[in-house]
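Each remark here refers to the structure printed beneath this line.
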Amino acid sequence: MTREEFITHVEREQEALRGFLLALCCGKKDDADDLAQDALVKAYVSSAGYQDKGKFRSWLFKIAHNTFLNHKASCRTMNSIDEARTLIGGTPADVSFAHQDLYLALRTLPPKERSAITLFYLNGYSIKEIAAITDTSEDAIKKQLSRGRDKLKERLKL
Amino acid sequence: MKKDKALEDLFLAQKPQFDDSDAFMASLTKRLDAVEYLKQYQEATIRRYKMAMVATFVIGIISGAVGIAFLLATPANVPLFTFQMHSVILQWLSENSRIIVAIVLSLLMSFGLISIIANIQDIVRMRKKEYMLYATSF
């Protein structure tokens, strides 16, 4: 893949990629954009090994997912539900805090459940596609989705 | 597996819109330019490394061959080196000088070959490290 081809693909997919990483980073835009840039550089360096079968987005998301997990492993920050309680807006009808609720609830999920939920609900991938992106079995993805969904519904009171 | 409607609606509502795509792409382009520069620098380093390796190999082979040719050309009954002092060990060394020199030359050539193989492995490792360097240096 030439650099021009790579840039063309990236221009088409960069919003979806950044949205995915923004959800994984629980609304922290700077972190998400840094991870997106790292993932894209890694993708460019290994683009010689990419066989264009029309799945550029899945391939890119796989690299981004691994980049996120490596970043999490190096940070090792602990997130608790108590922090979420103190930051939620007091007014139920306050639209500006609607996304904040979701991000804070996502933060309480382990990284793998968070990835599965985001890929399923935000990006619309099937379980089979999520398993390929995250390099996990379909059964494991189903369990992660089930656990993640239950936790989110409990925390968001849906 | 069916999607939970409430969660699906919540995720769709929060789907972010980015109005700084141009700035993002400009920043990415700068990083890719840096990657290209590092790649070229590494390629030049590897090329110099390879040339030095080939030169060392050729010099080593020629020196070894010249040494062995000299060894074979000298008369068999004349020791290659002698010592002015009298000692059992030195006497033994003088009598077996040809064998000793042949062993030393063989060892030198073997070390040369081993270092060539080690250099080739280094070059392969440097190529693999290139990707890590480009991917993590930003």
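Excluded from the calculations below are hydrogen atoms, water molecules and symmetry mates; all remaining heavy atoms, backbone and side chain alike, are included. Letters A, B, ... are given to chains in the order of the sequence lines, protein chains preceding strands, and every chain is numbered from 1.
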Side chain from CB out, backbone as N, CA, C, O: work out which of these in [X] comes under 4.5 Å of a heavy atom of chain B, or both, or neither.
X	value
A:Phe120	both
A:Leu22	side chain
A:Ser146	both
A:Gln14	side chain
A:Leu106	side chain

Review point. In Å, rounded to the nearest 0.5 Å, how long is the span from CG of B:Leu7 to CD1 of A:Ile117?
Key: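 So the gap between those two atoms works out to 6.5 Å.
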
Review point. Which of residues 11-28 of chain B have a heavy atom under 4.5 Å from any heavy atom of chain A?
Key: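 Hits under 4.5 Å: B:Phe11, B:Ala13, B:Gln14, B:Lys15, B:Pro16, B:Gln17, B:Phe18, B:Asp20, B:Ser21, B:Phe24, B:Met25, B:Ser27, B:Leu28.
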
Check your understanding: Can you check whether B:Lys3 reaches A:Arg149 side chain to side chain, under 4.5 Å on heavy atoms?
Key ->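 Not in contact.
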
Exercise for review: Could you check if a side-chain atom of A:Asp38 sits within less than 4.5 angstrom of a side-chain atom of B:Arg31, using non-hydrogen atoms only?
Suggested key: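 Of all side-chain heavy-atom pairs linking B:Arg31 with A:Asp38, at least one is under 4.5 Å.
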
Exercise for review: Select, from A:Arg18, A:Lys142, A:Lys29, A:Glu15, the one with the greatest count of heavy-atom pairs under 4.5 Å involving chain B.
Suggested key: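 The candidate making the most pairs under 4.5 Å is A:Arg18.
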
Point to revise | chain B contacts, top residue of A:Asp34, A:Leu40, A:Thr67 (heavy-atom pairs, under 4.5 Å) | key: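 Counting heavy-atom pairs under 4.5 Å, the top option is A:Leu40.
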
Give a yes or no on whether [X] atom [atom1] has more than 12 heavy-atom contacts from other residues, nucleotides or ligands under 6.0 Å away.
X	atom1	answer
A:Lys151	NZ	yes
B:Ile89	CD1	no
B:Leu90	CG	yes

Check your understanding: Can A:Arg3 and B:Asp33 be said to form a side-chain contact (heavy atoms from CB on, under 4.5 Å), step by step?
Key -> CA-CA 10 Å; A:Arg3 179 168 163 162; B:Asp33 287 342; 2.7 Å; yes

Report whether [X] and [Y] are members of the same hydrophobic cluster (ILVMFWY, side-chain heavy atoms less than 4.5 Å apart, transitive linking).
X	Y	result
B:Val104	B:Leu72	yes
B:Ile68	B:Phe70	yes
B:Leu108	B:Ile100	yes
B:Ile120	B:Leu113	yes
B:Val66	B:Val58	yes

Practice item. Just grab all the ring pair (Phe, Tyr, Trp, His ring centres under 6.0 Å) pairs involving residues 125-158 of chain A, residues at least two apart or on different chains. Key: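 Listed once each, the pairs are A:Phe61-A:Tyr125.
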
